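Below is one structure; the comments refer to it alone.
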Amino acid sequence: MKKLLKVLAVVFALIIIAIIVLPIIFKDDIRKALDDTMAESLDASVYYDIDGFSISLIKNFPDLTVSMSDFGVVGKGVFEKDTLTSVKNFLVTVDLMSVINGDQIIVEEISLDEPKIKVLVLPDGTANYDIAKEAENEEVADEENKEEEVAESTETSEESTISIGIEQWSINNAQLIYLDQSMNFYTKLNGLNHEGSGDFTLDVFDLKTKTTVDTVSLGFEGTEYVSNKRLDIDVTLNMNLSEMKFTFMDNRFAVNQFAIEADGFVSMPGDDIIMDITFGGKDISIKSILSLIPGVYQEYLDGVNASGSIGFDGYVKGTYNESSMPQVAASLAVENGKISYDDFNIPIENLNIQSNFNYPSADLRETSFNIDKFSMLVDGESVEAYLKFKNLENYQWDFGFDGNADLEKITKVVPLEGMTLLGKINAQLKTAGQMADVEAERYDRLPTSGSLTINNFLFKSDDLPQGFSISRASLTFDPSDITLSEFTAKSGNSDFSLSGKVSNYLGFALSDEMLVGRLDFNSTLIDINELMPEESMEEEAAEEEEVAETVEEGSEESTEEALEVVKIPENIDFTLASSIGKIAYSNMPITNFKGQILVKDGAIILDQNTFNMLDGTFELTGSYVTKDLEKPKYSLGFQIKDLSIANAFQTFETVQSYVPIAKQVSGKFSTDFNVTGLLGEDMMPIMDEINLKGLVDVAQAQLEKGEFMQKLSAVAALKTGASGQTSDKISVKDVLIKTEIKDGRMYVEPFELDVKGQKAVLGGNNTLDGKLNYSMLLKDIPTGAVGDALNSAISSFTGGKKLIADKIDLDLGIGGTYDDPQIKLLGSSESSGSSGASESFKKQISAQVDEQKAKAEAELAKKKAEAEAKAKEELEQQMAEQRQKIISEAQAKAAEIRKQGKASAEKVKKEGYAAADKLVADAGSNPIKKKVAQEAAKKLRSEADQKAKQIEAEANKKADKLVAEAKEKAAKI
């Protein structure tokens with residue numbers, strides 16, 4: 001007996017030792033086999049904690065448990081820095097005896113702890129989950145061999161079929177992110193927990209699953225449709241695998257507080273899917289429906305009290321296949337609903353909704369969605385609406401709305417921080433029609449009517465402290481017109497009223513037809529200084545300066561922000577007629593503004609706009625055209641009467657740029673000018689592109705001080721008190737000056753003026769950066785008025801002879817810049833009379849001006865031609881580089897395809913030859929078996945050669961095709 005006990009003890013000890021030791025002995029072999037399998041199957045990097053890999057018969061004896069920790073899969077190539085999945089702990093428990101028997105493997109448990117899955121799809125469709133390696137390209141030599149292999153494979157599979165049954169599985173605290181850039185779609189699940197059980201080894205069993213997700217978010221094309229929703233799904237399905245019928249037992253599907261349950265079955269006996277499912281709400285309320293709003297608004301549900309009966313039910317019945325669809329119907333009803341807030345005594349009462357959805361067949365014309373009734377009282381204000389929608393092939397609708405809104409009450413429910421919003425709005429709308437009439441542009445068949453009235457509206461904010469108020473506004477519309485019959489508003493000191501009509505708005509909104517309209521704008525005062533205070537304008541200027549500096553540094557983002565060119569639609573014909581008593585802007589008030597602004601043919605047109613400013617009278621006509629958005633054009637015709645020269649310098653940038661000396665000139669002038677040019681990306685005129693022609697009528701102007709007068713006095717030094725010298729200044733009176741700005745240069749035709757009491761003629765040109773090129777003739781100077789220094793200078797032009805004429809003319813050249821003018825004496829001559837000298841000098845200067853214009857135009861044309869040639873050359877270079885890039889990339893891919901094809905061919909050949917050698921070796925020394933084996937081996941080698949040749953040929957063919965297609969694509973560029 002003792003001996004027997006000893007034997008049993010030894011056996012028991014050996015079993016225990018085996019249980020402990022065997023997994024350890026075979027652990028490395030199993031891990032290596034696992035690593036090899038993953039390396040052969042996956043085009044990705046797989047990592048896990050080697051010390052955390054274990055095989056045990058003790059944890060769940062007598063079952064075998066395999067566990068891994070810190071397991072993860074990382075992509076390659078563009079995804080080499082993206083982890084596809086990571087799992088903190090992964091565990092599988094298998095019935096050991098089922099593995100030994102081999103007919104049916106039973107998996108007792110699968111568990112994943114804290115898995116994190118991140119799925120990425122790039123814009124071109126490349127996905128990080130596509131990590132399975134492609135199978136080698138192996139083809140059988142002929143159809144007969146293929147049929148034999150398929151038959152053998154089928155026979156083998158029938159003999160060795162192994163079923164796998166999973167009894168229990170679980171996922172704990174998972175995170176799933178799916179980001180598809182090709183569809184601009186994403187979804188994110190946090191805190192996902194799932195567990196399930198079912199014996200898949202049985203034909204009929206109950207599958208029980210429970211799933212919870214703490215937060216679910218979903219977005220599409222930049223809009224988040226689901227925000228931080230909680231999911232709770234508890235489902236029991238009766239699984240009849242032999243008949244492929246699945247019946248709903250106890251189940252619950254809940255999104256936040258909105259839950260439904262389902263009864264019925266889904267059956268798949270063949271290719272058809274047969275469904276008979278009914279569903280309905282389960283313990284739902286109005287608050288359940290409110291819980292479905294996006295998570296960012298959930299805070300507004302705090303303190304919400306809701307009551308009222310809710311009905312929600314529907315069904316899915318019928319067969320799904322290529323020719324039929326199941327019927328789908330659902331309805332939602334709310335009766336006597338009430339919603340109130342703890343903090344605000346503004347209840348929503350008598351909430352009633354009757355709605356239904358019906359999809360009776362695959363014929364989309366039979367689909368319909370109706371809200372037969374929607375009505376409620378918001379603190380006594382009535383709101384009613386209805387919607388009938390049907391026919392998904394030719395949309396047909398009938399919609400009506402009638403409601404009142406008290407904005408003050410709404411802001412108590414939904415507070416607007418830093419804002420005040422008051423006013424009452426009443427809106428009525430009815431519209432009906434079908435899409436066929438819209439597409440056929442039969443808008444008269446779309447009965448649409450409505451009205452909108454606003455009373456005592458007020459809006460105030462930190463940015464608009466003076467507020468914006470509308471005492472009353474009234475708008476009505478029908479299928480053809482929107483009519484604004486009344487609009488009276490104020491903002492601080494500013495007041496304005498509007499009235500008018502817009503026609504064909506449906507055609508404009510639905511099919512880009514012409515929108516026609518007119519608005520009359522009237523105001524006694526528009527205070528821009530108040531609407532845009534100096535502080536705001538300074539901040540805006542600082543921001544513009546900062547953007548400009550960043551643009552100069554090459555910031556792409558800031559460059560985009562600087563693009564301010566406004567495209568004028570070509571399908572708008574609109575007139576804004578304005579009458580404004582006063583416009584307060586900075587230190588130059590505008591008064592008596594009257595005129596029209598037209599929007600027509602892709603242009604804004606100023607039509608005879610007149611106003612008073614800077615003690616002068618202005619009349620403007622012009623246009624802004626954006627048909628070429630890269631080069632928007634403008635033209636402006638303006639007449640100015642009695643404008644101060646000094647004020648013009650202080651106000652207008654063009655005067656500052658081209659005539660900076662005007663800062664030192666006193667007097668008034670009138671103009672009649674036309675200017676054309678291009679605007680830059682910042683909507684400012686491109687100075688080099690300004691073309692301006694016109695007349696300047698100077699009533700009286702004087703220049704007494706400044707650098708120019710000092711330099712002129714130094715050169716044309718006349719004796720103080722000499723005969724005819726009545727002043728020490730330059731004066732102009734009743735002179736009509738003809739000027740032109742072209743190609744960045746201003747040209748001035750010769751005109752007469754008074755210099756230190758002497759008559760003179762001046763003409764020439766200057767550039768935008770202030771370079772001067774002018775000529776001046778001082779006429780009829782008494783010989784006795786010339787000083788010694790000037791007399792000496794003149795003698796150099798007369799060969800040392802003294803001045804003997806009574807009067808002389810001095811020819812002066814004016815160069816340098818406005819800041820540093822250079823005045824030279826070019827010559828002198830005996831006076832031939834005022835009229836003759838003036839006309840001769842005018843002709844001379846006019847000829848010089850014409851010559852300079854022609855030269856400037858030629859230089860500009862040359863620069864433009866060189867720029868166009870350079871741009872064309874750069875474009876050709878870019879196209880050539882693009883063509884070469886397409887071909888080079890294709891050639892690289894083709895080389896890789898040929899390389900892979902050759903490698904596959906060599907592998908097939910090597911395996912075939914190895915099999916042939918093994919066949920001969922296995923024949924041994926028996927001469928008959930050896931002879932048969934040698935013949936069979938010869939055939940195997942031949943087949944291997946043929947397969948290898950075929951694989952390599954197909955790879956070359958594919959590569960050649962790829963290169964040919966690339967060359968064809970490149971040729972089209």
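Residue indices begin at 1 and follow the sequence shown. Just so we're clear, the structure is a prediction, and the values are computed from it rather than from any experiment.
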Can you name the closest pair of heavy atoms from [X] and [Y] and give their distance?
X	Y	value
A577	R518	CB-NH2, 3.3 Å
P632	T626	CB-CG2, 4.2 Å
L678	K631	CD2-O, 4.1 Å
L464	S491	CD1-OG, 4.3 Å

- Task: Could you list the residues that satisfy side chain to side chain contact (heavy atoms under 4.5 Å, CB included) with V735, not counting sequence neighbours?
- Result: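 Partners of V735 by the side chain to side chain contact (heavy atoms under 4.5 Å, CB included) criterion, ordered by chain and then number, come out as V732, I737, F751.
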- Y505 and F477 aromatic ring geometry - parallel, tilted or perpendicular at 30°/60° bounds: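 Taking Y505 first and then F477, their aromatic rings stand perpendicular (interplane angle over 60°).
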Which value, rounded to the nearest 0.5 Å, describes the distance between [X] atom [atom1] and [Y] atom [atom2]?
X	Y	atom1	atom2	answer
L598	I605	CG	CD1	5.5 Å
L458	K490	CG	NZ	12.0 Å
S623	D601	OG	CG	11.0 Å
T610	E619	OG1	CD	6.5 Å
I482	K501	CD1	NZ	11.5 Å
N612	I583	CG	CD1	11.5 Å

- Between F468 and F459, does the ring centre distance come in under 6.0 Å?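 Between F468 and F459, the centre distance exceeds or equals 6.0 Å.
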- Query: Can you name the side-chain hydrogen bond (donor to acceptor under 3.5 Å, both in side chains) partners of D481, sequence neighbours left out?
  - Reply: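 For D481 the side-chain hydrogen bond (donor to acceptor under 3.5 Å, both in side chains) partners, ignoring immediate neighbours, are S503.
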- Message: Using side-chain hydrogen bond (donor to acceptor under 3.5 Å, both in side chains), reason through K594 and S579 one step at a time and then give a plain yes or no.
- Response: CA-CA 5 Å; K594 295 183 182 296; S579 177; 3.1 Å; yes
- Message: Are the side chains of N493 and L525 in contact, using a 4.5 Å heavy-atom criterion?
- Response: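 In short, these two side chains touch, coming nearer than 4.5 Å.
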- Below 4.5 Å, heavy atoms only, C-beta onward: do Y774 and L812 meet side chain to side chain? no
